[in-house]
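Encoded as structure tokens, the structure appears first; notes follow it.
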Amino acid sequence: MGSNEFDDFEDDFYPQDFAPEPEYLTVEITDKLPIDVSGVDLMRPTGFVGQVADWIDSQCRYPRRRLAVASAIVSIGNIGGLRHEDERDGVTANMLAFCVAASATGKEAVQQAMAEVHIAAGVQSAMQGAIKSEQEILRNLIEHQSAYYVVDEIGIFLKKVQNAQKSGGASYLEGVIGAIMASYSKANSRMLLGGDIKRELRKTYAGALARAQDKDDDAGAERAQAMLDMADKGLFRPFLSVVGFTTPSTFDGIMNGENATSGFVGRSLIVTERDINPAARKNFKKPDMPMMMGGRLGLIYGGSDGRVEFSGDRSTVSTTDDASAALTEISEWLIHYAEEMGEKTGEASVAMIRRSYEMIAKVSFVLAIPDGERNIEHVRWAFAYVKDELDTKIKLVFANDNARTKPEAALGARLLNYIDPDKGSTISVLANRSRATVEDVNSILNKMAQAGEVFCDHKGKKYRGKVVERWRLL
């Protein structure tokens with residue numbers, strides 16, 4: 001059984017003032033899912049992660065629940081990832097995520113709330129606000145065992161990468177992407193350093209070691225020696241995560257088959273707020289973080305106060321028998337799902353689906369960290385959440401890759417991603433977002449309605465004497 005040092009805390013010490021509408025995984029009649037996900041609310045993660053999502057969401061004047069949920073998952077992965085290890089699969093808790101929302105709708109509030117969560121845990125020193133260079137990434141991971149990147153307007157950075165690749169001048173940017181992926185994949189092992197970095201470390205810390213020894217500073221000498229050892233042995237369990245915030249206009253076009261199957265976009269969690277004009281909450285006031293929540297975050301980290309690191313024996317997160325069986329079923333089912341979707345939507349879908357098991361394992365592991373044991377509810381929520389996110393990615397990639405060869409199918413896939421699941425969307429909004437004519441969008445929507453994918457709601461509010469029709473997902 002996994003250890004649980006948090007039993008003294010109440011389960012629901014944070015009141016949910018802004019209850020979101022429940023959202024469930026859309027399941028086709030013909031789908032045969034490996035586990036039962038009925039009743040799983042995608043807007044409410046299981047346990048303490050859900051409470052952190054509540055608090056992040058409470059800091060937003062405009063409801064940004066999807067961004068809050070993704071940010072809570074990444075944050076708890078960051079805070080607990082150094083100290084905890086997954087007994088079953090050995091997955092790590094560091095995540096790559098993209099949070100997509102329209103301009104001026106509250107992305108900044110989510111970023112600030114994420115920062116407060118990390119501050120409460122005592123790991124704020126490892127937070128980084130920009131991706132600059134390969135050398136800077138390595139220096140950040142030398143200074144702290146972790147580097148938590150929370151990057152605004154990351155879509156602009158990715159477009160620079162894409163444009164540089166097309167023009168043949170991507171060597172500098174490719175070095176950055178390579179450093180991110182090399183660091184990300186070494187969170188359970190060692191990452192060797194290049195010659196220039198080694199020489200810099202030796203020069204800096206050989207002098208620091210000599211000065212500490214002259215002053216009989218045992219702690220300083222121990223620290224300097226550890227850094228010198230790092231030069232030869234490499235970085236021990238470097239923990240790098242990235243959560244990027246961007247807008248649909250700068251991100252959606254990047255999601256083509258090439259980017260979806262390679263690099264860190266293809267291994268990322270991607271969430272999109274489809275409501276481009278959310279209403280402000282009435283009488284909005286940010287509540288303070290509950291003291292018990294802050295205390296629990298600190299206990300989940302449990303590392304050093306100076307350099308963000310954990311050097312002791314890690315806490316093992318075990319997996320119950322039924323949760324383990326469910327993960328096995330999911331792993332086997334994904335192979336068949338990849339084959340089925342590959343025939344319908346192409347090779348890129350296969351790669352995304354095959355990689356999704358790692359994400360399901362990671363998300364369920366993060367959900368289990370506060371409890372010390374992964375149970376079936378953690379697995380059910382993680383599978384439903386990642387499956388929903390995966391299907392959205394597949395539609396977006398299919399739309400971008402087939403815009404010329406299969407224009408109707410591509411537009412239909414794009415429209416399914418643009419329709420707000422809560423409020424629905426007007427045909428004018430859908431035409432503007434898809435950059436298509438109202439006539440073409442109307443034609444495709446009517447065909448999709450006949451196929452049972454969408455329907456037109458004729459009961460909307462009147463505007464200038466006319467009923468505003470909204471298209472909704474079935």
Side-chain angles (χ1 to χ4, degrees), residues 74 77-78 81-82 85-86 89-98 123 125-151 154 157-162 164-165 169-202 204 226-244 254 258-270 307-311 314 351-352 354-359 361-362 365-366:
V74 174
N78 288 348
L82 293 179
E85 60 182 344
D86 172 31
D89 289 320
V91 297
T92 54
N94 57 328
M95 308 282 287
L96 305 173
F98 292 94
V123 299
S125 300
M127 293 190 76
Q128 310 294 338
I131 301 172
K132 295 180 180 179
S133 69
E134 178 181 2
Q135 293 287 323
E136 187 238 13
I137 290 170
L138 293 175
R139 288 192 176 97
N140 288 338
L141 288 169
I142 290 169
E143 184 178 3
H144 298 284
Q145 187 179 358
S146 296
Y148 311 130
Y149 283 90
V150 181
V151 184
I154 198 170
F157 168 77
L158 293 176
K159 279 210 166 186
K160 288 180 181 178
V161 174
Q162 192 175 52
Q165 288 172 337
S171 58
Y172 159 74
L173 291 171
E174 284 178 350
V176 174
I177 299 297
I180 290 172
M181 293 313 301
S183 306
Y184 173 78
S185 61
K186 300 294 194 302
N188 246 354
S189 56
R190 287 187 183 272
M191 180 179 177
L192 298 179
L193 299 173
D196 289 343
I197 293 289
K198 283 184 178 182
R199 283 185 284 273
E200 185 178 323
L201 274 176
R202 291 192 186 108
T204 300
M227 300 304 287
L228 286 171
D229 291 343
M230 190 183 296
D232 296 321
K233 298 178 181 178
L235 304 180
F236 183 59
R237 290 176 178 160
F239 189 100
L240 180 140
S241 70
V242 179
V243 55
I254 295 169
E258 182 180 354
N259 286 332
T261 55
S262 63
F264 73 112
V265 176
R267 299 181 71 175
S268 299
L269 189 68
I270 299 174
R307 183 176 188 258
V308 176
E309 63 181 346
F310 184 81
S311 56
R314 295 197 291 175
M352 286 188 287
R354 291 183 66 87
R355 281 181 172 150
S356 65
Y357 177 78
E358 179 188 26
M359 188 62 67
K362 276 177 171 282
F365 172 47
V366 171

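Predicted model, so just to flag it, every value in this text is computed and none were measured.
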| field | CA sep, side-chain torsions, deciding dist, call: Val242, Ile154, side chain to side chain contact (heavy atoms under 4.5 Å, CB included) | value | CA-CA 10 Å; Val242 179; Ile154 198 170; 4.0 Å; yes
| message | Is there a side chain to side chain contact (heavy atoms under 4.5 Å, CB included) between Gln135 and Ile197? Walk through the geometry before answering. | response | CA-CA 8 Å; Gln135 293 287 323; Ile197 293 289; 3.1 Å; yes
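Between the side chain of Gln145 and the backbone N or O of Phe239, no donor-acceptor pair lies under 3.5 Å. Judged purely by atom type and a 3.5 angstrom limit, Ser185 uses its side chain to pair as donor or acceptor with the backbone of Ala182. With hydrogens and angles disregarded, no donor-acceptor distance shorter than 3.5 Å links the side chain of Asn78 to the backbone of Tyr148. Under the 3.5 Å distance criterion, the side-chain polar atoms of Glu134 are left unmatched by any main-chain donor or acceptor of Gly178.
Considering all non-hydrogen atoms of both residues, Leu269 and Met359 come closest at N-CE, 3.8 Å. For the pair Val74 and Ala97, the tightest heavy-atom approach, listed with the atom from each and the gap, is CG2-CB, 3.9 Å. In this structure, Phe157 and Ile131 approach most closely via the heavy-atom pair CZ-CG2, 4.1 Å. Nearest heavy atoms, Asn188 versus Gly90: ND2-O, 2.9 Å. When every heavy atom of Ile137 is checked against every heavy atom of Ser183, the shortest pair comes out as CG2-OG, 4.1 Å. His144 and Val308 make their closest contact through ND1-N, 2.9 Å (heavy atoms, listed as atom of the first residue, atom of the second, distance).
For Phe98, the ring pair (Phe, Tyr, Trp, His ring centres under 6.0 Å) partners two or more places apart in sequence, or in a different chain, are Phe251, Phe264. Contacts of Gln128 classified as side chain to side chain donor-acceptor pair (under 3.5 Å), with partners at least two apart in sequence or in another chain: none.
The side-chain heavy atoms of Thr92 and Arg237, taken from C-beta on, include no pair separated by under 4.5 Å. Side-chain contact check for Asn140 versus Tyr149: some heavy-atom pair is nearer than 4.5 Å. Counting heavy atoms from C-beta outward, Ser146 and Val123 have side chains that stay 4.5 Å or more apart.
Taking a cutoff of 4.0 Å between a charged side-chain nitrogen and a carboxylate oxygen, Lys362 and Asp86 do not qualify as a salt bridge.
With rounding to the nearest 0.5 Å, the separation of CZ in Arg202 from CE in Met227 is 13.0 Å. Taking CG of Leu96 as the start and CG of Leu240 as the end, the distance is 7.5 Å to the nearest 0.5 Å. Atoms CD1 and CG, from Ile177 and Leu158 in turn, are 6.5 Å apart once rounded to the nearest 0.5 Å. With rounding to the nearest 0.5 Å, the separation of OG in Ser241 from CG in Asn94 is 6.5 Å. Remark: Tyr184 OH to Met95 CE distance equals 6.5 Å, nearest 0.5 Å. Distance check: Met230 CE to Leu141 CG gives 9.5 Å after rounding to the nearest 0.5 Å.
The list of salt bridge (Lys or Arg N to Asp or Glu O under 4.0 Å) pairs with a residue in residues 190-200, not counting sequence neighbours, reads Arg139-Glu200, Asp196-Arg199.
Enclosure of atom CZ in Arg307 by more than 12 non-hydrogen atoms of other residues, nucleotides or ligands within 6.0 angstrom is indicated.
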